[in-house]
There are 2 protein chains.
Amino acid sequence: MGSKSERTKERILQEACRLFAQKGFQAVTMTDICEKTGLSRGGLYRYYAGTGQIFSEILLKEYRISDRIDKKECAAVILEDMLEEIRKEILDKQLSLSLAIYEYANLGNEALFQKINENAKKRWISLIRYGIETGEFKEADPQQAAECILYYYQGLRMWSRVIPFEELTAENYVKTIRQMLIKENGKEQEHI
Amino acid sequence: MGSKSERTKERILQEACRLFAQKGFQAVTMTDICEKTGLSRGGLYRYYAGTGQIFSEILLKEYRISDRIDKKECAAVILEDMLEEIRKEILDKQLSLSLAIYEYANLGNEALFQKINENAKKRWISLIRYGIETGEFKEADPQQAAECILYYYQGLRMWSRVIPFEELTAENYVKTIRQMLIKENGKEQEHI
């Protein structure tokens, strides 16, 4: 697909993401997405067959880290970039997809969610293993740490729709994950 | 209120809780609750004015720990009891109220949710402070640790409705919180 098509797809995904975050999954129609993107129905359907396909693609998009691991970047730097991304997301109540995810899950898309969950877990596990290998991370249990990172994040995303969050809540997330993974240069830890 | 009334209220809350977990908040009516409890409409309305009041009461019910702290029980024992309770809840997909909480929050009950969140945080902070005082817990930042405990749990509860969970996921939660709080007798930690 040419780069113009890629840009159009990107725009569709972005606008649709905003709509799903605002209204949940079921209330969003292809017509809404046409309006927001300025595409004709024919134009939109050239790219996607329906809102379900668009939503799945949004959920399956992921922060790519395998390239960075292959390039042997510092594990701690990759981690900090991911945490910064997450910190911003936590504070951006407008973009929380939790409600839409719930609705979509209730329509019976269990296999998709299992895949998303497995992919996210694998991604974190590969970073944690890599950081342990390079000696930057503590000898944590990769699966255990990955689950804490993911579910703690999901809980925050859910509550960020329900109550207003302080900046501190996002900071504490980042601090907890950092303390869980990063070695403190030879110094015995006092604060976990 | 006499003990028979207390028992009736308890029964109403239990049955209603099951219904909210199954159907979410909005789909449950007072009639449904009458059917499940065997109470007449008049009987039910003697106790509660509507489903909103019942749901709020369920959400505000909490695991009481202040008595146990006053009695100077071991902090580690209180912690283990709370973790065991949580572990069972995580595995009990049927009783997850997350969907109902979402719906109820979307009806605009922000103040209630802030209160619930604050109460839960305070409870955990008081236990963590107490454990640090008795020398059983690490010198963690109580608010930071409390947030991890709560939001990690909420994330698990949300996902437990969406995908099937293995026992290991609940075990990992308990392990992570334990490692975050409990001192390992003088031994340098290798695994966090």
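Order of the sequence lines sets the chain letters (A, B, ...), proteins ahead of strands, with each chain counted from 1. Side chains included, hydrogens not; waters and symmetry mates left out as well; all remaining heavy atoms used.
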* **Test log, rule side chain to side chain contact (heavy atoms under 4.5 Å, CB included), inputs Glu147(B) and Tyr152(A)** => CA-CA 9 Å; Glu147(B) 286 181 2; Tyr152(A) 183 178; 4.0 Å; yes
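- Using non-hydrogen atoms only and a strict 4.5 Å limit, the part of residues 170-177 of chain B facing chain A consists of Asn172(B), Lys175(B), Thr176(B).
- The residue among Ile163(A), Ile149(A), Asn109(A) with the most heavy atom pairs within less than 4.5 Å of chain B is Ile163(A).
- Hydrophobic clustering (ILVMFWY, side-chain heavy atoms < 4.5 Å, transitive): Leu60(A) and Val28(A) are in one cluster.
- Residues of residues 30-39 of chain B lying under 4.5 angstrom from chain A, judged on non-hydrogen atoms, do not exist.
- Residue Ile101(B) touches chain A through its side chain alone, counting heavy-atom pairs closer than 4.5 Å.
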* Run the side chain to side chain contact (heavy atoms under 4.5 Å, CB included) check on Gln144(B) and Gln179(A) step by step: do they pass? -> CA-CA 11 Å; Gln144(B) 187 187 335; Gln179(A) 288 168 349; 3.1 Å; yes
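- Criterion: ILVMFWY side-chain heavy atoms under 4.5 Å apart, direct or through other members. Under it, Phe137(B) and Ile125(B) are not part of a common hydrophobic cluster.
- Ile54(A) and Tyr45(A) fall within a single hydrophobic cluster, where Ile, Leu, Val, Met, Phe, Trp and Tyr side chains are chained together by heavy-atom contacts under 4.5 Å.
- Between Phe113(B) and Trp159(A), the ring planes are perpendicular. Angles over 60° get that label, and only those under 30° would be called parallel.
- Cluster membership for Leu156(B) and Leu91(B), using ILVMFWY side-chain heavy atoms within less than 4.5 angstrom, is not shared.
- Environment of CZ in Arg11(A): crowded, with over 12 heavy atoms of neighbouring residues, nucleotides or ligands closer than 6.0 Å.
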